[in-house]
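Please read the structure below before turning to the comments.
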Amino acid sequence: MLIKSFVTKRKFSDLKDVFPRKLSRLSTLCSSSSTIPKSPCPPRDDVAVIAELIEKQHWSNLKLHVKDTNPNELFHQLISSKLDPELCLRYYIWLANNRNISLSLELTFNLLHSLANKRSDHPIHSIFHAISLCDNVCVNSILADMLVLAYANNSRFASALEAFKRAGYYAFKLSALSCKALMVALLNEKRFADVEFVYKEMVRRRIQPNVFTFNVVINSFCKIGKMEKAKDVMEDMKVYGTSPNVVSYNTLIDGYCKLGGIGKMYKADAVLKEMVESKVSPNLTTFNILIDGFWKDGNYSGSMKVFKEMLEQDVKPNVVTYNSLINGLCSGGKVSEATCMHDEMVSAGVEPNLVTHNSLINGFCKNGMMKEALDMFESLKGRGIVLTAKTYNILIDAYCKSGKVEDGFGLKEEMEREGIVANVETYNCLIGGLCRNGSMEAAKKLFDQLSGKALPDLVTYHILMDGYCSRGETRKAAMLLKEGISKMGLKPRHLTYNILMEGYCKEGNLKGAANVRMQMEKERRLRMNVASYNVLLQGYSQKGKMEDANRLLNEMLEKGLIPNRITYEIVKAEMVDKGFVPDIQGHLFNVSTKS
DNA sequence: TTAGGGTTAG
């Protein structure tokens with residue numbers, strides 16, 4: 001399919017059909033240097049001559065020079081001779097404008113791919129300027145669209161977004177396919193606000209979204225817990241005459257499952273009902289999401305109910321299903337049942353994978369069954385199964401948590417002998433072990449050794465800070481954080497400041513804790529969350545300052561924060577006074593308000 | 001094309 005056919009028809013509806021097939025194929029090929037079969041190259045000096053003519057814009061000379069050459073072939077040669085892609089673009093536009101020649105889609109894609117990969121100061125600006133020189137809006141739109149797609153598929157989300165914005169300024173119409181690719185790239189980078197921006201822009205620019213586009217937007221809202229907005233998008237779909245499909249519903253159900261708070265599974269279940277009412281059948285993924293959601297909500301019998309339901313509906317469980325069930329059992333301390341589930345999975349013909357084994361090893365470790373964990377570990381090695389750092393980290397952490405830090409180091413050496421690189425997580429486990437043993441000097445020494453492939457991350461800082469705090473050296477922890485921010489560009493989170501506040505509270509230094517709060521709210525513009533309030537409430541109540549604690553509790557409620565079980569345990573009398581009561585499962589309810 | 005599972009901080 002040639003660009004020319006789009007140009008003559010001027011029908012964008014055609015793009016919708018052609019782009020997905022053509023471009024997705026091309027974009028997978030675009031990582032290799034060229035998709036065009038090799039043809040004899042012109043002499044180097046000839047390319048140089050042509051390049052000079054383009055650069056100096058001696059178009060009439062150029063016209064004479066290339067009059068006997070096939071334009072597609074010549075263009076391919078220019079592109080593969082590593083000529084500046086912006087010169088190639090200039091030539092491309094000249095062909096389109098002055099000679100009415102449109103090059104093949106594949107060559108166009110190659111050009112845009114080179115442009116998208118070129119790193120210079122104002123590439124997108126200049127590319128759009130060059131594109132706009134051509135007065136055919138239809139061609140321009142296709143070029144802009146391919147550019148956005150090329151950037152997005154190359155994970156260059158910032159450039160893709162800029163190209164998307166510029167396309168808007170120039171009123172070039174983009175396809176839903178490229179917008180979806182852009183939103184996926186943004187989602188992968190956790191740029192949720194940008195996904196929303198692109199979605200709103202699509203509506204404004206009247207780009208007809210499809211079910212895939214909507215699903216990406218729904219996913220984006222679900223990932224940040226904005227469930228109301230996710231549901232609004234489901235409604236938008238209907239307005240556009242598109243019906244939510246099984247992926248839309250699964251995404252929404254998963255969003256509720258991962259939401260946290262009371263009644264989330266009830267809401268997930270409600271979506272399931274709505275899904276069935278809309279005649280969309282739940283599939284394997286739906287059941288897997290629910291099984292995982294229930295046990296993470298502490299409701300293993302809920303998981304089993306879903307499992308039975310899926311068997312009744314003749315949906316075959318896969319390795320993910322069994323892994324979730326095994327995890328649920330292990331986390332509830334039912335390790336022998338987890339082992340049975342493993343056997344059941346094998347007899348059902350589902351092959352356990354490394355996740356299954358890691359889950360079981362972790363289950364053994366967390367339930368004081370170190371021997372069983374090591375037996376399974378050895379049997380995996382004996383069967384020639386390739387282990388990863390994760391398996392080793394589980395065991396190293398178990399050793400460190402049981403005070404056997406030396407054995408942890410032994411295992412680290414073993415993994416390195418096996419050619420598996422110890423990563424930050426490995427070091428985090430070991431540093432944590434040393435801190436718990438009270439060997440702060442050794443912990444700091446190991447921390448200082450981190451460099452190159454295993455740089456300390458925020459977790460490493462948290463562990464070491466926690467170590468200092470629990471020894472009454474919160475000032476040292478604060479200094480460490482300060483250093484981390486300036487040297488490593490560390491981005492502290494709530495937990496970071498909560499560790500410091502807790503440290504000061506334990507030392508009885510409430511003023512120090514209050515200063516950390518100020519720092520948190522000022523420097524990072526982080527608002528106090530429930531965990532932060534819990535830390536301060538603990539500090540005040542331990543000092544017997546119940547009036548202050550009560551004031552803090554009121555402040556928290558005024559902000560609309562919902563106290564949790566920990567809050568209840570710290571300031572029970574005050575909470576009861578405000579009408580809070582826990583139910584049998586420990587969820588809090590406020591009997592004095594209707595909500 | 002879009003959705004689901006395991007370790008480390010708390």
Side-chain angles (χ1 to χ4, degrees), chain A residues 19-21 23-25 27-28 149 152-153 176-181 183-184 187 209-220 222-223 244-255 257-258 282-293 295-296 317-328 330-331 352-363 365-366 388-398 400-401 408 423-433 435 457-467 493-496 498-499 502 529 531-532 534-535 566:
Chain A
F19 264 46
R21 273 177 279 123
L23 288 187
S24 60
R25 186 170 65 81
S27 61
T28 54
L149 188 68
N153 286 347
L177 177 92
S178 299
C179 295
K180 193 220 70 180
M183 289 194 289
V184 168
L187 191 58
N210 55 32
V211 68
F212 303 112
T213 328
F214 283 120
N215 286 347
V216 176
V217 182
I218 292 170
N219 192 13
S220 178
C222 286
K223 287 275 183 305
N245 65 5
V246 64
V247 176
S248 327
Y249 284 110
N250 286 350
T251 311
L252 206 61
I253 293 171
D254 190 52
C257 287
K258 295 202 167 59
N283 63 8
L284 178 60
T285 305
T286 322
F287 290 114
N288 286 347
I289 292 167
L290 288 167
I291 287 172
D292 199 60
W295 81 256
K296 279 183 179 154
N318 68 356
V319 65
V320 176
T321 323
Y322 283 108
N323 287 349
S324 288
L325 289 167
I326 288 171
N327 267 317
C330 288
S331 76
N353 62 12
L354 200 55
V355 177
T356 324
H357 297 129
N358 284 348
S359 302
L360 280 168
I361 290 174
N362 186 41
C365 288
K366 294 278 151 66
T388 63
K390 255 176 194 171
T391 318
Y392 281 93
N393 290 347
I394 294 167
L395 285 163
I396 291 172
D397 189 56
C400 289
K401 290 226 166 92
N423 56 21
V424 200
E425 285 128 23
T426 319
Y427 285 98
N428 287 348
C429 296
L430 290 167
I431 292 171
C435 288
D457 61 7
L458 191 61
V459 179
T460 326
Y461 276 87
H462 287 171
I463 296 167
L464 202 57
M465 283 165 64
D466 211 37
R493 294 162 63 162
H494 277 108
L495 181 59
T496 324
N498 290 352
I499 290 170
E502 196 181 344
N529 64 9
S532 322
N534 286 348
V535 169
I566 300 165

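We name chains A, B, ... by the order of the sequence lines, and we start the count at 1 in each one.
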Considering only heavy side-chain atoms of K366(A), the closest of dT1(B), dA3(B), dT7(B) is dT7(B)
OP1 or OP2 of dA3(B) less than 4.0 angstrom from a side-chain nitrogen or oxygen of N219(A), does that happen here? yes
Counterpart residues, side chain to side chain contact (heavy atoms under 4.5 Å, CB included), relative to L458(A) (two or more places apart): H462(A), L490(A), R493(A), T496(A)
Just call it for T285(A): base, sugar-phosphate, or nothing, with non-hydrogen atoms closer than 4.0 Å on any strand. base
Pick base, sugar-phosphate or nothing for N362(A), based on heavy-atom distances below 4.0 Å to the nucleic acid. sugar-phosphate
Can a side chain N or O of K401(A) be found less than 4.0 Å away from OP1 or OP2 on dT7(B)? no
Using a heavy-atom cut-off of under 4.0 Å over every strand shown, decide if L495(A) touches base, sugar-phosphate, or nothing. base
Using a cut-off of 4.0 Å on non-hydrogen atoms, how would the nucleic acid contact of V319(A) be classed: base, sugar-phosphate, or nothing? base
Hey, does N498(A) reach any base, or is it just sugar-phosphate, or nothing, if we go heavy atoms under 4.0 Å? nothing
Heavy-atom distance under 4.5 Å between the side chains of T391(A) and H357(A), does that happen here? no
Interatomic distance where CG belongs to N393(A) and C1' belongs to dT7(B) [whole Å]: 6 Å
Would you kindly give the CG-to-C1' distance between D457(A) and dT7(B), to the nearest whole Å? 13 Å
Looking at dA3(B), dT2(B), dT7(B), which one has an atom nearest to any side-chain atom of V216(A)? dT2(B)
NZ of K180(A) versus C1' of dT2(B): gap in Å, rounded? 6 Å
When you get a sec, tell me which of dA3(B), dT8(B), dT1(B) is the closest nucleotide to the side chain of T251(A)? dA3(B)
Give the rounded distance in Å between these two atoms: CZ of F212(A) and P of dT1(B). 8 Å
Any side-chain to backbone donor/acceptor pair from W295(A) onto N327(A)? Under 3.5 Å, distance only. no
Whole-Å gap separating P (dT1(B)) and CD1 (I218(A)): 19 Å
How would you list, by chain and number, every residue that makes a side chain to side chain donor-acceptor pair (under 3.5 Å) with N362(A), sequence neighbours excluded? K366(A)
Between P of dA3(B) and OH of Y249(A), the distance in whole Å: 18 Å
Separation of dT7(B) atom P from N423(A) atom CG, nearest Å, is 14 Å
Measure from the side chain of E425(A), starting at C-beta and using heavy atoms only, and say which of dT7(B), dA9(B), dT2(B) lies closest. dT7(B)
Is L290(A) touching bases, backbone alone, or none of the nucleic acid, heavy atoms closer than 4.0 Å? nothing
Quick one: do the S532(A) and N529(A) side chains pair a donor with an acceptor below 3.5 Å? yes
How many Å lie between CZ on R493(A) and C1' on dA9(B), as a whole number? 10 Å
